[in-house]
Amino acid sequence: MTLQIRIICVLGWVFCASVAQGGIVALPLVHQGEVLRHEVQSFDSLQIPTAAAVADNVPSRWVEGQVARRSWRLDAPLASREVFAMVRKVLQDAGFEAEFTCETDRCGGFEFRYGIETLAIPDMIVNLSDFDFLSASRAQDEAAATLLVSRSGDATYVQLFEVYSTPVAADVPETLPHAEETLDVAQAPASASLREQLLQAGTAVLSGIEFASGAADIVQASVAGLDALAEMLHHDPQMEVLLVGHTDNRGALAQNIDLSQRRAEDVRDYITTVHDIPNSRIQIAGAGFMAPRHPNDTPAGQEANRRVEVVLIRR
């Protein structure tokens with residue numbers, strides 16, 4: 001399967017006329033991996049989390065300016081913490097000082113992950129049981145950055161966002177293919193079994209799951225996908241998963257989070273009652289419309305975003 005690389009360089013005349021010395025942070029280590037995303041916008045706002053999640057809120061400040069959003073996939077046998085430390089050192093050497101740093105549960109786990117800005121899969125994959133985060137700032141030019149590193153399957157994913165009040169050089173690296181070219185991304189194809197997708201990508205959408213409009217009731221004809229999940233859990237008795245419900249963007253966020261969680265609960269109830277899988281092996285959460293896989297501006301996109309994903313926690 002191939003993924004078309006998206007390169008968005010929004011370069012207005014103001015940016016082209018006045019570029020400050022220096023540029024976006026160079027990361028030699030991650031440049032050896034696959035570039036999944038390289039996006040630069042001449043003016044945007046960036047969320048800078050300042051503390052761990054409290055309930056469903058992530059304390060944050062917002063910074064406006066030129067924003068660069070980049071991500072990479074590394075297949076090197078390095079733990080996420082090792083990669084995180086290396087990239088953090090590069091940021092420190094570039095003059096950035098840490099404002100807030102955390103890892104996994106200390107960040108607030110699921111609530112933090114879905115309360116901050118992250119690139120959509122496959123540009124960034126976040127393993128909810130293995131990720132590190134950093135917010136940093138540079139006083140001399142009022143720049144700020146966020147770093148997210150996570151290990152999923154056999155790969156480590158790195159996401160680096162930067163915002164500069166004064167525009168800086170932000171050329172697309174030579175290693176990045178042209179927009180017309182494609183880059184093979186090692187991820188499980190849709191035709192792979194659910195187990196293969198989970199072991200390779202760390203997450204998968206439960207196929208064929210249908211819900212009544214605005215309700216959490218599973219349509220009876222769609223239970224085949226749930227049976228596949230139950231079979232996988234029987235096959236791997238040590239495996240634990242997280243079910244995450246998702247909705248389209250119609251309605252209020254709070255209502256959609258509640259609806260998406262009830263949908264995840266309904267999936268778990270089916271698996272635990274019909275297939276006798278212990279409740280303790282299946283966690284649930286609701287993300288509402290905070291993590292769309294497709295734009296919500298078409299009926300097809302909305303339908304694709306109404307889904308339940310399974311995330312591998314332990315095997």
Side-chain angles (χ1 to χ4, degrees), residues 5-33 35-53 57-72 74 80-103 107 112 115-119 123-124 126 131-150 156-176:
I5 289 296
R6 287 160 285 176
I7 308 172
I8 306 173
C9 293
V10 185
L11 305 178
W13 69 269
V14 174
F15 171 77
C16 294
S18 176
V19 176
Q21 294 296 318
I24 58 176
V25 177
L27 300 180
L29 169 69
V30 296
H31 282 166
Q32 297 173 15
V35 182
L36 302 180
R37 181 80 167 221
H38 187 107
E39 172 183 308
V40 179
Q41 293 179 294
S42 59
F43 188 81
D44 199 357
S45 59
L46 184 65
Q47 177 191 17
I48 308 297
T50 56
N57 177 61
V58 177
S60 304
R61 64 186 181 91
W62 294 82
V63 180
E64 293 183 337
Q66 176 191 333
V67 176
R69 294 178 174 90
R70 295 179 287 166
S71 66
W72 300 263
L74 301 176
S80 60
R81 187 62 54 82
E82 293 179 85
V83 177
F84 180 79
M86 294 175 186
V87 180
R88 178 175 179 169
K89 178 63 164 56
V90 172
L91 288 171
Q92 289 174 336
D93 291 344
F96 286 89
E97 296 185 0
E99 285 188 47
F100 168 65
T101 185
C102 64
E103 50 89 17
C107 294
F112 185 85
I116 65 172
E117 180 185 354
T118 59
L119 297 172
D123 290 342
M124 182 64 188
V126 181
F131 69 85
D132 291 88
F133 180 84
L134 167 73
S135 289
S137 59
R138 189 167 63 190
Q140 66 189 55
D141 58 355
E142 299 181 341
T146 64
L147 170 65
L148 179 63
V149 179
S150 182
T156 299
Y157 292 82
V158 178
Q159 172 186 285
L160 178 63
F161 293 165
E162 299 153 78
V163 56
Y164 297 91
S165 58
T166 302
V168 300
D171 295 334
V172 175
E174 294 181 0
T175 55
L176 189 66

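Throughout, residue positions are numbered sequentially from 1 according to the sequence presented.
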Exercise for the section: May I ask you to say whether D123 pairs ionically with R69, meaning some side-chain N is under 4.0 Å from a carboxylate O? Expected result: no
Handout entry: Test salt bridge (Lys or Arg N to Asp or Glu O under 4.0 Å) applied to E142 - qualifying residues, sequence neighbours left out
Key = none
Practice task
Sequence neighbours left out, what passes salt bridge (Lys or Arg N to Asp or Glu O under 4.0 Å) with R138? Give chain and number order.
Solution key: D141
Evaluate the side-chain proximity of [Y] to [X]: yes if any heavy-atom separation is below 4.5 Å, no if none is.
X	Y	answer
L160	L91	yes
Y157	F131	no
R70	V35	no
P59	F100	no
R88	V149	no
V67	F161	no
T156	E82	no
L46	E117	yes

Handout entry: side-chain contact (heavy atoms from CB on, under 4.5 Å) evaluation trace for M124 with L36
Key = CA-CA 8 Å; M124 182 64 188; L36 302 180; over 6 Å; no
Handout entry: Exam field: side chain S135 to backbone P49, donor-acceptor pair closer than 3.5 Å
Key = yes
Looking only at heavy atoms, which two atoms of [X] and [Y] are closest? And how far apart?
X	Y	result
Q66	V168	OE1-N, 2.8 Å
V163	G65	CG2-N, 3.8 Å
I116	Q47	CA-OE1, 3.3 Å
E64	F43	OE1-CZ, 3.6 Å
C107	F133	SG-CB, 4.3 Å
A68	I24	CB-CG2, 3.9 Å

Problem - Full working for side-chain contact (heavy atoms from CB on, under 4.5 Å) between R61 and S137 - result: CA-CA 12 Å; R61 64 186 181 91; S137 59; 3.7 Å; yes
Problem - Trace of the side-chain contact (heavy atoms from CB on, under 4.5 Å) decision for F96 with L134 - result: CA-CA 11 Å; F96 286 89; L134 167 73; over 6 Å; no
Handout entry: Exercise: do E162 and Y164 side chains pair donor with acceptor under 3.5 Å
Key = yes
Handout entry: Straight-line distance of L147 CG to D132 CG, nearest 0.5 Å
Key = 8.5 Å
